[in-house]
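For reference, the structure is listed below as structure tokens.
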Amino acid sequence: MHNFTPWSSLLGGLLIGLAALILLWGKGRIAGYSGIISGLFSISDNKRWRILFLVGTTLGASAATYALHLKMAKLEISPLLILAGLLVGVGSRLANGCTSGHGICGIGRFSIRSLVATGLFIFSGACIVAMTH
Amino acid sequence: MITLIAGVLFGFGLALSGMMQPDKVVGFLNIAGEWDASLMLVMGGALAVFTPGYHFFIKKRQQTWSGAALHLPTNKTLDRQLVFGALIFGAGWGLAGICPGPAIAMVALAGWPAIVFIFAMVAGMLIAGYWQQRKNLLTEQITQLAASE
């Protein structure tokens, strides 16, 4: 096994699950990032909670990285990065969800749609990685 | 306030879990090569908390702590949009190793590359949204036409 970090990943996952539970119980909303982001661009929807949640995410992630001296990958702007962003945007909109909304909240609620979506995006991600590596 | 707290916790979890490191994401998807199973534990950990919390606590009450309504998805059909959408999403995820949550989480840490990724993602969402709208309009017109025949 390569680069395996079981404890930090498990603990991070527990926090993510707790956060999703708090958002649903506290605000009645599913913690799915693609939906939260695309809702910012629809006309009628309430945007305040969306912005608060996204700002909180950035704050929490930055705090964790500094406090625990976590490794932060150096990213570079490239055509590949832009293409990847486009695909992630188109795909998550069509599928009505991404890793957080389908992979955690959806599967956690035993949604068949989410189970199928998660299986398919892991499968196609694995195919792309197999082709590019 | 509770929304901000949920966001902070989610962000903290994303950073700690390794989801914000594209090489770990790619390592997880590299099932045929040198597999890094860490992200299985992220999902497992999140589900271990969310699933029982939802089923034993929230589902019974069907409302938030303050009595407000839950906004839950109601669509249950497995349609082509779900299938193609998930396949396209996975391709983008495998290319860069970044999905929407971590992209937002790394805005302050990674700066411009994260912002460029988010711009491209939002553009993709708007394109797909526009396409969906046109398709719905077209289906409506066809049904109307069929009804008037």
Which atoms of [X] are under 4.5 Å from chain B, going by heavy atoms: the side chain, the backbone, both sets, or neither?
X: C127(A); value: neither
X: I128(A); value: side chain
X: L70(A); value: side chain
X: S111(A); value: neither
X: K71(A); value: both
X: L54(A); value: both

For the atom pair CZ (F28(B)) and CD1 (I122(A)), what is the distance rounded to the nearest 0.5 Å? 4.5 Å
Below 4.5 Å from any heavy atom of chain A, which atoms of [X] appear? Answer side chain, backbone, both or neither.
X: M106(B); result: side chain
X: I31(B); result: side chain
X: I118(B); result: neither
X: V26(B); result: both
X: A105(B); result: both
X: I127(B); result: side chain
X: V25(B); result: neither
X: I58(B); result: side chain

L81(A), L52(A), L23(A): which one forms the most heavy-atom pairs within less than 4.5 Å of chain B? L81(A)
Can you tell which of L18(A), T132(A), L59(A) has the highest number of heavy-atom pairs within less than 4.5 Å of chain B? L18(A)
Report the C-alpha separation of N75(B) and N96(A) in whole Å, then their side-chain angles, then the decisive distance to 0.1 Å, and conclude whether the side chain to side chain contact (heavy atoms under 4.5 Å, CB included) test is met. CA-CA 10 Å; N75(B) 187 355; N96(A) 210 22; 5.6 Å; no
Between K24(B) and S9(A), a side-chain donor and acceptor under 3.5 Å: no
Does a side-chain heavy-atom distance below 4.5 Å link I22(A) with F10(B)? no
Evaluate the side chain to side chain contact (heavy atoms under 4.5 Å, CB included) criterion for residues L40(A) and V122(B): first the C-alpha distance (whole Å), next the side-chain angles of each, then the deciding distance (0.1 Å), finally the verdict. CA-CA 10 Å; L40(A) 285 175; V122(B) 167; over 6 Å; no
After noting the C-alpha distance and the side-chain angles of R113(A) and D79(B), does the key distance pass the side chain to side chain contact (heavy atoms under 4.5 Å, CB included) rule? CA-CA 9 Å; R113(A) 262 173 69 84; D79(B) 47 20; 3.5 Å; yes
Please evaluate residues Y66(A) and L109(B) with respect to the criterion side chain to side chain contact (heavy atoms under 4.5 Å, CB included), reporting the C-alpha separation (whole Å), side-chain torsions for both, the decisive distance (0.1 Å), and the verdict. CA-CA 10 Å; Y66(A) 284 117; L109(B) 295 161; 4.0 Å; yes
With chain A, which of A46(B), G53(B), A15(B), A103(B) has the greatest number of heavy-atom pairs at distances under 4.5 Å? A46(B)
The single option from F50(B), F57(B), Y54(B) passing ring pair (Phe, Tyr, Trp, His ring centres under 6.0 Å) against W25(A): F57(B)
